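First the structure, in the form of structure tokens, and then the observations on it.
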2 protein chains.
Amino acid sequence: MAPTSETLTAERILAATEEVLRRHGPAKATVVDVARALGVSHGSVYRHFRTKAALREAVTKRWLDRTSQKLAEIAAASGRDPEARLRDWLAALFEAKRHKAGDDPELFATYTVLTDENGAVVGEHIADLTAQLTRIITQGAGSGTFSVPDPAAAARAVFQATGRFHDPCYAREWTLPGVGEEFTAVVDLLVRGLR
Amino acid sequence: MAPTSETLTAERILAATEEVLRRHGPAKATVVDVARALGVSHGSVYRHFRTKAALREAVTKRWLDRTSQKLAEIAAASGRDPEARLRDWLAALFEAKRHKAGDDPELFATYTVLTDENGAVVGEHIADLTAQLTRIITQGAGSGTFSVPDPAAAARAVFQATGRFHDPCYAREWTLPGVGEEFTAVVDLLVRGLR
DNA sequence: CAGCTGACAGATTTCAATATTTGTCAGCTG
DNA sequence: CAGCTGACAAATATTGAAATCTGTCAGCTG
């Protein structure tokens with residue numbers, strides 16, 4: 001926490017911003033707080049990020065990218081059969097979200113606010129995830145496991161149909177008993193539809 | 001609009017409340033406003049509804065029930081083949097929501113607030129809709145069109161998987177170009193999964 | 001001179017005083 | 001006497017003045 005005297009980088013500012021957001025929440029986190037945490041004046045922060053909105057956007061992107069990367073590993077595991085990979089990938093997405101929401105609800109609420117105010121970044125994130133899904137489904141179509149005319153469209157449909165298990169607006173319901181079964185039921189139905 | 005001197009019934013109060021909500025929005029609609037619209041004192045309103053929350057809840061239920069009824073007609077049209085009926089029903093649900101959101105966004109926003117504060121009523125509404133879906137799917141299973149072990153579970157899965165096309169939290173995206181295709185893609189996938 | 005500071009104007013938020021609303025009930029009225 | 005009224009206390013919302021924050025920039029510093 002002690003202000004190190006290393007050069008001020010975008011990276012260090014982002015880390016400090018995450019910490020301030022975690023501490024104060026999205027409504028009370030100010031760029032003055034971030035500057036104070038770094039032991040610099042708030043003017044210095046504006047040298048690296050044009051506006052507070054840009055800073056928040058960068059933090060949001062970082063957070064979403066961490067999830068994307070974890071899922072990319074599953075999507076890339078080309079040894080496994082595509083159907084199992086699809087199930088794993090969807091389960092991993094659900095689990096990741098469910099844990100984030102369950103383990104630290106306040107932090108999750110903070111990031112929900114951030115994603116709400118950064119539609120463009122979320123859009124790119126969704127495009128990224130859909131592309132991963134498309135890769136899995138394309139391979140499934142190639143190996144004959146799946147029978148789909150347009151893998152990209154199928155990927156979008158699968159992603160949208162499972163929204164209830166990854167979209168933050170349903171986070172409240174992820175702790176209800178029986179969600180696991182509901183998730184399985186939806187995924188089973190979709191996988192059957194792809195075959 | 002002129003205060004008729006008929007006896008004050010729950011029905012008349014509900015109608016007046018809808019009007020006040022339409023005019024003032026959910027944040028500024030008071031029970032004093034409702035009483036004024038009816039030409040009575042607000043004490044009289046409390047004779048029919050214990051609290052303001054109960055009044056709003058009743059209005060919410062009324063609104064949701066109107067949608068349920070329209071869909072029930074489609075679900076009950078037992079002449080048609082179950083697959084077509086399922087598609088019609090889902091399309092009708094989507095269209096109904098999309099029009100409500102598109103035609104009068106402010107009123108739709110008002111009812112979105114109301115449904116957010118009345119989770120229990122919404123839960124019953126969803127149970128009702130799911131029961132309608134279950135009936136269609138059960139008939140499809142009987143006639144051999146669908147092959148599902150548990151029609152009720154399948155109905156829940158179909159309803160949840162199509163959330164993007166009826167849940168108010170996605171209302172913003174219902175005007176985007178291409179939603180129609182997305183809807184069709186998801187429904188096609190689900191129907192294939194049911195067969 | 002590259003990078004940081006801190007004073008500043010305008011925008012936004014906070015907070016406490018003020019006003020409105022909710023919900024009750026004793027009593028009026030037809 | 002069934003149903004309505006309106007005065008009331010407590011809860012909630014509004015308001016506007018004061019405090020804080022955002023974003024800029026001229027000038028300092030190493």
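Computed from a predicted model, the values in this text were never measured in an experiment.
- Whole-Å rounding puts the B/H24 NE2 to D/dT14 P distance at 13 Å.
- Rounded to whole Å, the distance from CZ on B/R12 to P on D/dG3 is 15 Å.
- With salt bridges taken as basic N to acidic carboxylate O contacts below 4.0 Å, one links A/R23 and A/E19.
- Nucleic acid contact class of B/T30 (heavy atoms, under 4.0 Å, all strands): sugar-phosphate only.
- Using a 4.0 Å cut-off, no side-chain N or O of A/S44 falls inside it from OP1 or OP2 of C/dC4.
- Cation-pi contact between B/K100 and B/W174: absent, since separation from the ring centre below 6.0 Å together with deviation from the ring axis within 45° is not met.
- As a whole-Å value, the separation of A/R36 CZ from D/dC21 C1' is 11 Å.
- When distances are taken from the side chain of A/K28 to each of C/dT14, C/dT5, C/dG23, the shortest belongs to C/dT14.
- Between the CZ atom of B/F49 and the C1' atom of D/dC4 there is a distance of 17 Å, given to the nearest Å.
- At a cut-off of 3.5 angstrom, counting only N and O atoms as typed in the model, there is a donor on one side and an acceptor on the other between the side-chain of A/H42 and the base of D/dG23.
- If you check the side chains of A/S68 and A/D65, you find no donor sitting under 3.5 Å from an acceptor.
- Atom C1' of nucleotide D/dG23 and atom OH of A/Y46 are separated by 5 Å, given to the nearest angstrom.
- The separation between B/I13 atom CD1 and D/dG3 atom P is 12 Å, rounded to whole Å.
- Atom CG in A/L8 sits about 8 Å away from atom P in C/dT5, given to the nearest Å.
- When distances are taken from the side chain of B/V40 to each of C/dT5, C/dT14, D/dT5, the shortest belongs to D/dT5.
- Here A/E73 does not pair with A/R80 in a salt bridge; the nearest charged N to carboxylate O distance is not below 4.0 Å.
- Residue A/T51 has no polar side-chain atom (N or O) positioned under 4.0 Å from OP1 or OP2 of D/dT22.
- For the pair A/H48 NE2 and C/dA2 C1', the computed distance is 11 Å after rounding to whole Å.
- Residues A/A27 and A/R47 each lie close to DNA chain C; by heavy-atom proximity, the contact nearer the 5' end of the strand is made by A/R47.
- Contact annotation for B/V31: backbone-only contact, meaning every heavy-atom pair under 4.0 Å involves sugar-phosphate atoms and none involves a base.
- A cation-pi arrangement is found for A/R98 relative to A/F94, the charged atom lying closer than 6.0 Å to the ring centre and inside a 45° cone about the ring normal.
- Nucleotide C/dA7 is matched to D/dT24 when pairs are restricted to Watson-Crick or G-U wobble geometry with both distances under 3.5 angstrom.
- In this structure D/dT29 sits in a base pair with C/dA2, meeting the Watson-Crick or G-U test at under 3.5 Å.
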